[in-house]
There are 2 protein chains.
Amino acid sequence: MERSVSGVAVLDKSVRILEVLADGRRRNLAELVADTGLPRATCHRLLHALQAHGLTHLGGDDRWELGDRLGELAGSIGGPGLAAVASGPLHRLVEETGESAQLYVARGGQRVCVIAVESPQSLRTIVPVGAVLPLDRGSAGQILSGRPAALRRGWAESVEEREKGVASVSAPVRRDGAVVAAVSVSGPVERTSRQPGRRYAAVVVAAASAIEAALETATTR
Amino acid sequence: MERSVSGVAVLDKSVRILEVLADGRRRNLAELVADTGLPRATCHRLLHALQAHGLTHLGGDDRWELGDRLGELAGSIGGPGLAAVASGPLHRLVEETGESAQLYVARGGQRVCVIAVESPQSLRTIVPVGAVLPLDRGSAGQILSGRPAALRRGWAESVEEREKGVASVSAPVRRDGAVVAAVSVSGPVERTSRQPGRRYAAVVVAAASAIEAALETATTR
DNA sequence: TCTCGCCATCCCGTAGAGTGGGATAGGCTT
DNA sequence: AAGCCTATCCCACTCTACGGGATGGCGAGA
């Protein structure tokens, strides 16, 4: 038995199966045996055990893929329904500021855009949902990497840090005291000015507070 | 040892921990022991093993939460980068039709909105990202539930099925022959008419094809 | 300062869970 | 009919995972 990564060999093998399937390619049992390096009986047994929990799924074409329950579990990262309760406040933020707004969560040492509402103006920043951005650039990165100065002030701003001509302001969304997301407004420097915080911090922080209030209501239900 | 759900007891216990954490409440070890019913040493050992795989995370405040890797794994359901490659075609769809567009994936017998691009018109349908909708109503539900007539025709339409005054058209996004998502355009009946398919089916199907082409390019890299 | 209670971590002997080679059955192709 | 490849299942056996109890740390209260 090769050395265990985590100290629990069954978990190591199970996660190896999930990680192989995470490239999106659906595979039959033989392909999975080849790609995971597991003996066929072991792979078979673990696949069906994972399926019992909804983490894998065997399609009608005898090919395996990741299961829906995985998405359901992951959907609760940042708390259940974060995306659902954040949508309204983000739309109002766009109406108030005229600029695009996004919601980011930290994930694997980077940040991921989970909601994007674009400015109606023809010159606007576009960040697609699902976009993965660094933590070391941009105002949302300052928030999600826990930079003390930004958290103390309650918001962060950046000017042309991640992209030329773009400025942004972000504020933390907290749940149980921990930062679970960052609300962000971004636009061209020509409109935001080189002190975007002065212009937008108050409404960005207010949007973050509205999301926190909605999360609290959801939690106490 | 109580009866195993899946036949692999380690997996059963590990998933039990993840499911307890999926309510979004962060917990210390003692709370997790109480909520999972596992002996403390077992719970401790499995939590750290899950953390080694990124599936759980121990915060600085000694409280456990679901880990980022879970989201990364789940993000590849429907194939890696689905959200990223679909954003562009959906925006163009909104520009062409003037109506709101969404991308849905099937998940746990329902459908979940993973991208939403809203119409610039003041009267528009709003579906927040993360919204969970039924499969038995709406054009996207017809696509994702595999209704033969809809798949044969290549698109589906619905008029006031899910919501009064709203009509929609959807088309399947396929990957390796399987339907992985549905592209949808929706708006008020006053504008879409009671035959929204006649008006929009061609461009919705074209948007779905563009997403499929982008996914194929991503896969062969 | 001392005591107590509660926390997380670690140890390690052992029971039985999980292993995986090989047998089996089914389906498809030649 | 034969050959090949698939998934499933069996079960003897190995060694993994178990979990009670010991330990140390920390904070609160007397």
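By convention in this document, chain letters (A, B, ...) are assigned in the order of the sequence lines, proteins followed by strands, and residues within each chain are numbered from 1.
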Inset, instruction - Looking only at side-chain atoms of A:R40, point me to the closest of C:dA23, C:dG21, C:dA17. - result: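 Looking only at heavy atoms from C-beta outward on A:R40, the closest nucleotide is C:dA23.
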Legend entry - Minimum-distance nucleotide (side-chain atoms of A:A9 versus D:dT16, D:dA7, C:dA17):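 So the nucleotide nearest the side chain must be D:dT16.
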[atom1] of [X] versus [atom2] of [N]: gap in Å, rounded?
X	N	atom1	atom2	answer
B:L11	D:dT16	CG	P	18 Å
B:I17	D:dA17	CD1	P	14 Å
A:R63	D:dT6	CZ	C1'	15 Å
B:W64	C:dC7	CH2	C1'	14 Å

Is it true that a side-chain atom of [X] and a backbone atom of [Y] form a donor plus acceptor pair closer than 3.5 Å?
X	Y	result
B:R147	B:A149	no
B:E31	B:N28	yes
A:R27	A:L32	no
B:R16	B:T36	yes

Legend entry - Nearest heavy-atom neighbours spanning A:S184 and A:Y104: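 In this case the closest contact between A:S184 and A:Y104 is CB-CE1, 3.7 Å.
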Legend entry - Taking every non-hydrogen atom, the tightest pair across B:L50 and B:I17: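 Heavy atoms only, the tightest pair is CD1-CG2, 4.1 Å.
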Legend entry - Contact check, side chains of B:V94 and B:V185, non-hydrogen atoms, under 4.5 Å: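 Heavy-atom side-chain distance check fails, nothing below 4.5 Å.
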Legend entry - Side chains of A:R137 and A:Q142 in contact at under 4.5 Å (non-hydrogen atoms):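 Not touching, per the 4.5 Å side-chain cut-off.
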Inset, instruction - Starting from the C-alpha separation in whole Å, work towards a yes-or-no answer on side chain to side chain donor-acceptor pair (under 3.5 Å) for B:S186 and B:S100. - result: CA-CA 6 Å; B:S186 60; B:S100 301; 5.4 Å; no
Legend entry - D:dA17 OP1/OP2 closer than 4.0 Å to side-chain N/O of B:K13: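 Negative; the distance criterion is not met.
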Inset, instruction - Ignoring backbone atoms, test whether B:T42 places a side-chain nitrogen or oxygen under 4.0 Å from the OP1 or OP2 oxygen of D:dC18. - result: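 Result: no.
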Legend entry - Selection: residues 43-58 of chain A, any non-hydrogen atom under 4.0 Å of DNA chain C: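 Those residues whose heavy atoms fall under 4.0 Å from DNA chain C, taken from residues 43-58 of chain A in numerical order, are A:R45.
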Inset, instruction - Please list, by residue number, the residues of residues 28-36 of chain B whose heavy atoms come closer than 4.0 Å to an atom of DNA chain D; answer none if no residue qualifies. - result: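 The stretch gives none, as no residue of it lies under 4.0 Å from the strand.
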Inset, instruction - Tell me which of A:A41 and A:V10 sits closer to the 5' end of DNA chain D, going by the nucleotide each one is nearest to. - result: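 In this pair, the answer is A:A41.
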Legend entry - CD-OG distance between B:E160 and B:S168, expressed to the nearest 0.5 angstrom: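 Reported value, rounded in 0.5 Å steps: 11.5 Å.
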Legend entry - Atom pair CG (A:L29) and CG (A:L38), whose distance is rounded to the nearest 0.5 Å: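 Those atoms lie 10.5 Å apart.
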Legend entry - Overall bend - the helix from C:dT1-D:dA30 to C:dT30-D:dA1, comparing terminal axes fitted on five pairs, nearest 10 degrees: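 End-to-end axis angle for the helix from C:dT1-D:dA30 to C:dT30-D:dA1: 40°, rounded to 10°.
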